[in-house]
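In what follows, chains carry the letters A, B, and so on, assigned in the order in which the sequence lines appear, proteins first and then strands, with residues in each chain numbered from 1.
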Amino acid sequence: MPITLKELAERCNARLEGGDTTALIHSAADITAAQTGQVTQLTNNRYARYIKNSSASACFVAESTSLEDKPEALALLVCADPEMSFIKAVELLHPDRVYSARIAPQAVIETDVALGNAVYIGPYAVIGDQTIIGDHSQILAGVYVGRNVKIGKHCRIHPYAVIYDDTVIGDHVIIHSGAIIGADGFGYKFRNNRHVKVPQVGNVIIEDHVEVGANTCVDRGALGSTLIGAGSKIDNLVQIGHNNKVGKNVIMCGLTGVSGSCTIGDYVILAGSSGVADHVNIGQGAVVMARSGVAGDIEAGTQVFGSPAKEKRVAYKEHVAISKLPELLKTVKLLEEKIQQLEQKTQS
Amino acid sequence: MPITLKELAERCNARLEGGDTTALIHSAADITAAQTGQVTQLTNNRYARYIKNSSASACFVAESTSLEDKPEALALLVCADPEMSFIKAVELLHPDRVYSARIAPQAVIETDVALGNAVYIGPYAVIGDQTIIGDHSQILAGVYVGRNVKIGKHCRIHPYAVIYDDTVIGDHVIIHSGAIIGADGFGYKFRNNRHVKVPQVGNVIIEDHVEVGANTCVDRGALGSTLIGAGSKIDNLVQIGHNNKVGKNVIMCGLTGVSGSCTIGDYVILAGSSGVADHVNIGQGAVVMARSGVAGDIEAGTQVFGSPAKEKRVAYKEHVAISKLPELLKTVKLLEEKIQQLEQKTQS
Amino acid sequence: MPITLKELAERCNARLEGGDTTALIHSAADITAAQTGQVTQLTNNRYARYIKNSSASACFVAESTSLEDKPEALALLVCADPEMSFIKAVELLHPDRVYSARIAPQAVIETDVALGNAVYIGPYAVIGDQTIIGDHSQILAGVYVGRNVKIGKHCRIHPYAVIYDDTVIGDHVIIHSGAIIGADGFGYKFRNNRHVKVPQVGNVIIEDHVEVGANTCVDRGALGSTLIGAGSKIDNLVQIGHNNKVGKNVIMCGLTGVSGSCTIGDYVILAGSSGVADHVNIGQGAVVMARSGVAGDIEAGTQVFGSPAKEKRVAYKEHVAISKLPELLKTVKLLEEKIQQLEQKTQS
């Protein structure tokens with residue numbers, strides 16, 4: 001749905017400099033690709049060189065930005081926070097798909113289900129007994145929701161996500177396809193040469209504004225709950241084991257694993273393919289860098305790297321040292337010879 | 001379903017010490033969280049400090065445990081194996097969900113399907129031609145079972161697990177949601193600058209008492225079978241490639257990958273995010289520690305760590321040495337200078 | 001469907017040496033397992049020792065192969081390329097399952113859907129508005145295809161794969177169960193102490209002859225497309241983030257992750273559990289070895305190992321050096337003592 005440059009500027013809190021205020025903008029694009037009729041953003045000086053030859057009709061920039069070589073046809077949308085204004089523009093130009101209130105005839109709604117207002121339930125979805133789904137929530141095709149589940153308002157659960165029994169989900173939660181919430185935790189006791197399953201009778205609690213990526217797994221507690229704090233964002237293919245307490249506004253990138261019974265502080269970042277052993281506490285705001293493995297507690301605000309993970313500065317110093325190690329071996333060999341010669345000299 | 005303390009003790013092979021034998025216990029909880037009406041366990045001395053202020057009504061303890069500061073109201077359930085007795089209590093107090101024998105009208109059952117007694121088939125499940133499902137097995141909503149599959153007795157397959165054609169599954173097997181059993185192995189031959197697919201015409205065999213985690217993948221054999229031995233337990237998001245022979249009572253933790261054509265001995269443990277290259281043999285009882293990558297055969301009983309994985313003792317010694325490396329570089333630098341001085345002295 | 005040895009030889013471009021031309025071959029097997037009535041291949045000398053006692057009826061071998069101790073009953077199928085001839089034999093003896101043209105009555109086909117000739121749509125599949133599916137493509141049970149999706153000819157999408165809105169898929173593409181194509185990329189801006197979602201309004205383009213493994217995720221672009229080039233083969237449980245440009249004939253093994261906005265050149269190999277940070281360029285034909293983490297650009301043709309990944313030769317030299325490090329520490333300790341002694345001597 002195209003809108004004029006003038007309206008775009010107004011709705012995105014930007015001041016228009018140059019360009020034709022009546023020009024229609026139909027979509028948003030990256031600065032490397034934007035064409036006539038498209039709006040883009042410049043928020044990183046690395047990309048300033050693309051401006052000169054850009055065919056874009058408009059570009060969000062910060063107040064402080066000075067652009068030489070700006071094409072005549074490119075309007076500047078000057079604003080306090082170009083990234084946020086651009087997000088606003090993308091939302092206007094590429095509106096989110098609407099799922100109007102409707103219960104698909106092919107959905108199975110079991111007994112004692114409480115559906116809020118304006119709920120969408122897609123075809124082949126299954127909603128278990130005693131489950132509650134809040135207003136404006138969208139349960140897309142084929143989603144399985146177990147028994148005694150609570151889903152808040154304004155949630156979107158994508159096709160074939162699975163929500164096991166007893167899960168509690170807050171408001172404005174997004175769960176992507178293939179995510180499995182509440183499967184059994186991985187717990188066994190070894191007796192008589194076999195692994196005896198420990199019953200996993202807890203649940204999962206996901207607070208407001210959480211996003212869970214595709215094919216990510218969050219296991220139910222053995223007893224008690226596995227908790228994902230409000231505002232936390234979890235990427236695809238992440239494994240969160242039983243009884244973890246994940247804080248608020250945590251970031252977990254793809255292919256990361258958190259074993260079990262860990263406490264992950266607010267604002268922690270677990271970068272891609274990282275891992276955390278069980279019963280570990282990670283302090284608020286700590287950063288576990290990509291591919292790192294955390295085996296012990298991490299203090300708040302610390303950045304760690306490696307496997308086993310160490311404080312970043314230490315780990316980097318070791319990595320630099322390792323790169324000098326082959327040379328060091330030769331040096332020491334040489335020193336040995338020299339010392340031998342010195343010993344011979346001084347003995348003689 | 002609450003039961004009296006007396007009955008709980010009897011059914012869990014415990015001797016009651018103190019407490020009100022007629023008190024009702026309604027659920028189980030961790031020692032850090034248990035309240036009145038709940039039973040807990042103390043199996044690790046680290047947690048003994050929680051006993052003093054616990055509101056729990058009862059606690060399983062070993063015969064040998066001596067507790068000072070036990071609250072008056074806390075009954076002890078003294079037994080030979082508190083962990084096993086507690087598991088029994090959890091099963092009594094939190095009984096597993098029952099799926100009564102029923103074929104949901106929304107299930108698709110293809111031709112020549114043999115269903116045992118008391119089988120449950122959930123809505124939107126699809127059961128392919130010539131497939132056999134044993135007595136008391138539960139195929140939950142939306143499970144896809146291909147053609148010519150055999151599923152034993154007392155299995156539970158959770159929603160949206162996918163069982164490809166020709167898979168053979170034993171008795172008492174649990175497969176969690178999103179697990180994919182029998183997809184094509186990853187095999188190509190490179191010819192004329194492109195990858196030619198090698199047909200994957202084998203199958204997967206899963207023996208009795210195996211548990212397969214959510215979103216885990218077990219690929220079919222290229223020719224012959226990929227095998228998961230009896231009693232093995234596989235966590236979420238594990239990749240098991242074609243033609244692996246996984247032994248009995250093996251443990252594989254989350255995000256682990258086993259390439260292909262490996263032999264994994266009985267009782268092997270692959271800890272979280274570990275990996276095994278193809279055609280590798282791992283001997284009985286070996287332990288691959290978290291995040292380790294195994295590139296060559298591992299002898300029975302060995303513990304290995306790192307990537308490439310080495311015997312634990314060796315890997316640890318190297319890690320300690322690496323932490324001394326930055327200092328070592330300085331030391332050697334100093335020695336070089338001293339030797340130079342010595343050389344000058346002795347030459348003069 | 002058994003065929004005679006004579007016909008097998010003809011259809012697989014092989015010359016028959018020995019054996020009964022009228023003998024029936026019913027299946028293919030590995031050289032370690034093949035029995036009477038089965039055909040096998042010998043393409044690796046390591047396995048030549050299995051020939052002597054093999055009960056196989058026939059074996060593909062290269063022109064140059066000379067076999068001593070060949071059993072009388074074993075026919076040789078001599079050919080220019082035994083691997084390719086054997087693939088042909090496997091295809092003949094184990095024909096791929098046929099899904100005849102049919103729209104299952106339990107499928108939901110939304111409005112303005114264009115289905116080609118001879119298309120198969122399985123039960124409980126959902127095909128969204130304005131979607132196009134090409135001739136002979138097979139959309140198996142429970143596949144979810146969103147709105148405005150294009151799927152080419154001769155594709156097979158396995159049960160419960162999910163194709164989000166706007167995805168474009170070429171011809172002869174195979175997508176395995178649980179694969180999620182086009183879920184939102186992982187993008188947020190941090191404002192006022194919370195993570196603000198960046199709308200993900202791009203799409204995924206998958207070119208011809210791509211195979212996508214089970215439970216693999218390919219995220220849609222934030223703006224623009226995430227691209228998987230023709231002929232690329234992606235294993236199970238792989239994470240491909242938004243706006244990556246994956247070249248042609250690329251191989252990505254299980255549990256690998258590519259963050260976002262990377263360029264992966266043609267013929268690149270990402271081995272198992274490897275990872276690539278965002279905005280990285282990997283040159284044509286480069287190989288990232290298993291469990292390696294790439295943080296910076298990689299030149300074409302290079303092999304890299306480790307985390308952070310280094311040129312293989314360098315990484316290996318460092319690994320050898322590390323194994324000598326504990327000994328080196330002792331040596332340097334000894335040298336320090338000797339130098340001290342020398343210093344004392346020369347001072348005196």
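No side-chain donor-acceptor contact under 3.5 Å links C:His195 to the backbone of A:Ser232. A donor-acceptor distance shorter than 3.5 angstrom exists from the side chain of A:Asn215 to the backbone of C:Gly178, with no hydrogens or angles considered. Checking side-chain atoms of A:Tyr267 against main-chain N and O of C:Asn193 turns up a donor-acceptor pair under 3.5 Å.
Nearest heavy atom pair, residue A:Arg291 against residue C:Ser307, reads CD-OG, 3.7 Å. Closest non-hydrogen pair, C:Leu223 versus A:Ala29, comes out as CD1-C, 3.7 Å. In terms of heavy-atom proximity, C:Pro308 sits nearest to A:Phe305 at CD-CZ, 3.8 Å. Contact record, C:Lys310 with A:Ser323: NZ-CB, 3.7 Å, taken as the closest heavy-atom pair. In plain terms, the two heavy atoms of C:Val162 and A:Pro159 that are nearest each other are CG2-O, 3.9 Å.
Side-chain contact of A:His158 with C:Tyr144: a donor-acceptor pair under 3.5 Å is absent, judged by distance alone. For the residue pair C:Asp219 / A:Asn236, a side-chain donor-acceptor distance below 3.5 Å is found, with atom types taken as modelled. Side-chain atoms of A:Glu211 and C:Tyr188 form a donor-acceptor pair, as typed in the model, at a separation below 3.5 Å.
To the nearest 0.5 Å, the span separating SG on C:Cys217 from NE2 on A:His176 amounts to 10.5 Å. A:Leu342 contributes atom CG, which lies 10.5 Å from atom NZ of C:Lys345 (distance to the nearest 0.5 angstrom). Put simply, NZ on A:Lys248 and CZ on C:Arg194 are 14.0 Å apart, with the number rounded to the nearest 0.5 Å. The CD atom of C:Gln341 sits 10.5 Å away from atom CD1 of A:Ile339, with the distance rounded to the nearest 0.5 Å. Put simply, CG on A:Leu237 and CG on C:Leu255 are 8.0 Å apart, with the number rounded to the nearest 0.5 Å. Interatomic distance, C:Gln239 CD to A:Thr256 OG1, rounded to the nearest 0.5 Å: 10.5 Å.
The greatest number of non-hydrogen atom pairs below 4.5 Å with chain C, out of A:Leu93, A:Val332, A:Leu140, A:Ile174, is found for A:Val332. Contact count against chain C (heavy-atom pairs under 4.5 Å) is highest for A:Ile251 among A:Ile251, A:Asp266, A:Leu335.
In summary, C:Lys338 and A:Glu336 do not engage in a salt bridge, as defined by a charged side-chain N under 4.0 Å from a carboxylate O.
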Stepwise salt bridge (charged side-chain N to carboxylate O under 4.0 Å, His left out) check, C:Arg191 with A:Asp81 | CA-CA 10 Å; C:Arg191 292 294 186 282; A:Asp81 189 342; 2.6 Å; yes

